[in-house]
Amino acid sequence: MSSAYRRQPGSPAGRFSRYSRRAIAMVLTAAAVSLFASSALADGTVTLPGGPLVVSVGTLGECQSSYPNVGVNFFPPSGTLGDCGFFLAFPAAAANPTALKNGTLGTVFGFAGSAGPGLGDSGSLIYTAIGQGPSTGTGTVADPYTEVTTYKASASNLDYALVTDTTTYVSGQAQFTAKYDVQNVTGSGSSAAPSATLYFHALVAGDLFVANEDAGTGVFLGGPPRFIGGQNPHTGTLGGLIEAPAPALPWSNYQEGNWNGDIWNAVRASAAATPVFDNSINPILMDNGVGVSWDQFLTTGLAASAHATFSVVNRTQVPSTLSVQPVNQNLTVGATATVKVTATDNVGTPYANRPLVYKVAGANPRSGTITTDAAGVGTITYPGTAAGLDTIQMFLDLAGTGTQTTQDPSSAAQITWAPAPPTPNSSYTVQSIAANPDGTITITFVPTQSGAATVVTTVPTGTIASLAAFESKAKKCKKGKVKIHGKCLPKTTSFGKVLTAPGTAGVPLKLSVKPSKKTAAILKKGRTLHVTATLTYKSSLGGASTAHVYKVTVKGKKAKKKHKKH
């Protein structure tokens, strides 16, 4: 026996305290490889096939699991026999058989353990082993690896309850399921106690050693399903118990706390306690354990020959680094950033319904919390309102505290925001419109954005035609045309050529339209023309054009006649 295990003075065989669990963990872990094979034979356990989780069951239902290169999940830190299993507590206050009442103490049945709970004292008894079957099945969901261990609760050489402990494991999963069938065997044979109804607590409890670490912090997840257990402070690994789904019976109470002062003490006192556990966790880093209790048969009892079944899922979940897509992206201000984050454990099982905390630092600072879906996926979205670089830091808040710890898986992403292009704007401001003495029309304007300008000038056709044109008896013209010299012509005639020119944002642009030969000749006769000038401008960024119509009066000047010299 290692010096790290010390028998408590006056305690019966099998009950030990732990002098330095961290010290023995180091010693036994170093020897784990050489001891594993012999330990598996010496301690009477059956190890199920499959992986990556290695699942073992002892002759009294003691459970253990481990990951290769990670370590065990229940104390002690080596071998296949763990301080974890199923207990039955028969209160003296109930109408139980006298042998189970044990005076006023009641009786707790279970195992002693390498370091607890140390059953075997007055008022607590060790199960009697019956047998273990081989592992069967192929490890699939439809046909999981299965092992059956049987043991019984006996007092004063009489049998009271038979426990059929069935452990199943699906290869590739991070958990195994234990189902405990309790049969009241009183009145069933020569070795059985007289027929009686049994009243009891059913418990599952264990001394946590998650991922080969003796100390952990308490974690409770409300589910469904509910989870109670601890977290390794260095690796983030979660280990503990999950409530089995219906039709399995729900827990009556649960607790995570100090391995001995809280959990094993509660187990040892469970025959006289209601409730057994206090529905609490301890968030302080400590040498911890975990337990759950079912109280459904505490008042109604289990009749002779009847069965009661209790199930629990034992899970050890090693988190993987968060998967982030995309890690880097380039977006334009005004767009919405979308970052997909996936949280799974080492075997790909999703961390569903867990808080994912994120913080954006940079051009668009913000923070928040989202919840992963059933696939362990959470999506961070936010709009970009400023150009620059954003860095998104995120972590999976395994303990639900809102504060990142070293065990929370985390990751990061970056988004580069480019300035959004300006909105197309074809507006302009006219500074002046003038008609020069030679008939040239000059428009000066300032465009808002760079683009292209077009000026179209027209005069009413009738103003440059003779009066006789309107006296023609030509047929009636269609809408939009007038009779000119007996012909139907457009109502307006071009004053000068259509003028186009590029414009620069904020820079005045001067456009001059000279009169055509025809309109120039009319002006030289001293006629006055009423010109319509349409200025159209279109931004080089696109969008709709802007057009305004201006009326300009151009006064002609009759040319002077030249006098002949005599």
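Please read all numbers here as calculations on a predicted model, not as lab measurements.
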Is there any salt bridge (charged side-chain N to carboxylate O under 4.0 Å, His left out) pair reaching into residues 229-247, and which pairs are they, with sequence neighbours excluded? Arg226-Glu243
Which one of Thr440, Asn436, Thr442 satisfies the side chain to side chain donor-acceptor pair (under 3.5 Å) criterion with Ser512? Thr442
Can you tell if the side chain of Pro515 reaches within under 4.5 Å of the side chain of Lys524, non-hydrogen atoms only? no
Counting C-beta onward and ignoring hydrogens, is there a side-chain heavy-atom pair between Asn425 and Thr546 closer than 4.5 Å? no
Shortest non-hydrogen contact from Pro49 to Ser135? CD-OG, 3.0 Å
Side chains of Thr461 and Thr493: any donor to acceptor distance under 3.5 Å? yes
To the nearest 0.5 Å, atom CZ of Phe209 lies from atom CG of Asn232 at 9.5 Å
Measure up the Phe445 and Tyr537 rings against each other and bin them: parallel (under 30°), tilted (30 to 60°), perpendicular (over 60°). perpendicular
Which distance, rounded to the nearest 0.5 Å, do you find between the NZ of Lys497 and the OG of Ser516? 10.0 Å
Compare all side-chain heavy atoms of Val55 with those of Tyr145 and state whether any distance is below 4.5 angstrom. no
What are the two closest heavy atoms between Ala374 and Pro350, and how far apart are they? O-CB, 3.6 Å
Kindly compute the distance separating CD (Glu256) from CE (Met286), expressed to the nearest 0.5 Å. 6.5 Å
Can you sort out the partners of Phe277 under ring pair (Phe, Tyr, Trp, His ring centres under 6.0 Å), two or more places apart, ordered by chain and number? none
Listed by chain and number, what are the side chain to side chain donor-acceptor pair (under 3.5 Å) partners of Lys478, not counting sequence neighbours? none
Just to verify, what does Leu249 make a side chain to side chain contact (heavy atoms under 4.5 Å, CB included) with, not counting sequence neighbours? Trp294, Gln296, Phe297, Phe310
With Ala387 via side chain to side chain contact (heavy atoms under 4.5 Å, CB included) - residues at least two apart: Val333, Pro419
Pair Val552, Phe495 - check side-chain contact (heavy atoms from CB on, under 4.5 Å), show working. CA-CA 11 Å; Val552 182; Phe495 173 79; over 6 Å; no
For Tyr550 and Leu535, the nearest pair of non-hydrogen atoms, with its separation, is CE1-CB, 4.1 Å
Pairs flagged by side-chain hydrogen bond (donor to acceptor under 3.5 Å, both in side chains) wherever residues 327-341 is involved - sequence neighbours left out: none
Residues that Asn253 engages under side chain to side chain donor-acceptor pair (under 3.5 Å), provided they are two or more places apart: Asp295
If you apply the rule side-chain contact (heavy atoms from CB on, under 4.5 Å), what do you find for Gln231 with Val210, and how did you get there? CA-CA 7 Å; Gln231 186 171 43; Val210 177; over 6 Å; no
Got a sec, which residues hit side chain to side chain donor-acceptor pair (under 3.5 Å) with Thr237, two or more places apart in sequence or on another chain? Thr235
Using the side-chain contact (heavy atoms from CB on, under 4.5 Å) rule, take Asn258 and Asn282 through it: C-alpha gap first, then chi angles, then the decisive distance, then the call. CA-CA 8 Å; Asn258 178 266; Asn282 195 325; over 6 Å; no
For Ile522 against Leu529, the heavy-atom pair lying closest together: CG2-CD2, 4.0 Å
For the residue pair Leu208 and Gly229, what are the closest heavy atoms and their distance? CD1-C, 4.1 Å
Please evaluate residues Cys63 and Phe176 with respect to the criterion side-chain contact (heavy atoms from CB on, under 4.5 Å), reporting the C-alpha separation (whole Å), side-chain torsions for both, the decisive distance (0.1 Å), and the verdict. CA-CA 10 Å; Cys63 58; Phe176 65 92; 4.1 Å; yes
Can you name the side chain to side chain donor-acceptor pair (under 3.5 Å) partners of Thr309, sequence neighbours left out? Asp181
Audit row: Ser539, Ser426, side chain to side chain donor-acceptor pair (under 3.5 Å) steps and yes/no: CA-CA 5 Å; Ser539 169; Ser426 298; 4.9 Å; no
Do Val339 and Gln325 have side chains that approach each other closer than 4.5 Å (heavy atoms only, starting at C-beta)? no
Measuring only between side-chain heavy atoms, which start at C-beta, is Asp408 closer than 4.5 Å to Leu396? no
Under 4.5 Å between any side-chain heavy atoms of Tyr351 and Leu398, yes or no? yes
Can you measure from CD (Gln173) to CG (Leu53) and round to the nearest 0.5 angstrom? 9.5 Å
Residues that His548 engages under ring pair (Phe, Tyr, Trp, His ring centres under 6.0 Å), provided they are two or more places apart: Tyr428
Thr372 side, atom OG1; Leu356 side, atom CG - distance, nearest 0.5 Å: 7.5 Å
For Ser450, give me all partners under side chain to side chain contact (heavy atoms under 4.5 Å, CB included), at least two apart in sequence or on another chain. Thr504, Ala505, Ser540
Partners passing salt bridge (Lys or Arg N to Asp or Glu O under 4.0 Å) against Asp390 (at least two apart in sequence or in another chain): none
For the student: nearest non-hydrogen atoms of Gln175 and Ile242, plus distance: OE1-CD1, 4.3 Å
Separation of Ile415 CD1 from Asn364 CG (nearest 0.5 Å): 8.5 Å
Heavy-atom side-chain contact between Ile380 and Val341 under 4.5 Å: yes
Between Asn314 and Cys84, is any pair of side-chain heavy atoms under 4.5 Å apart? yes
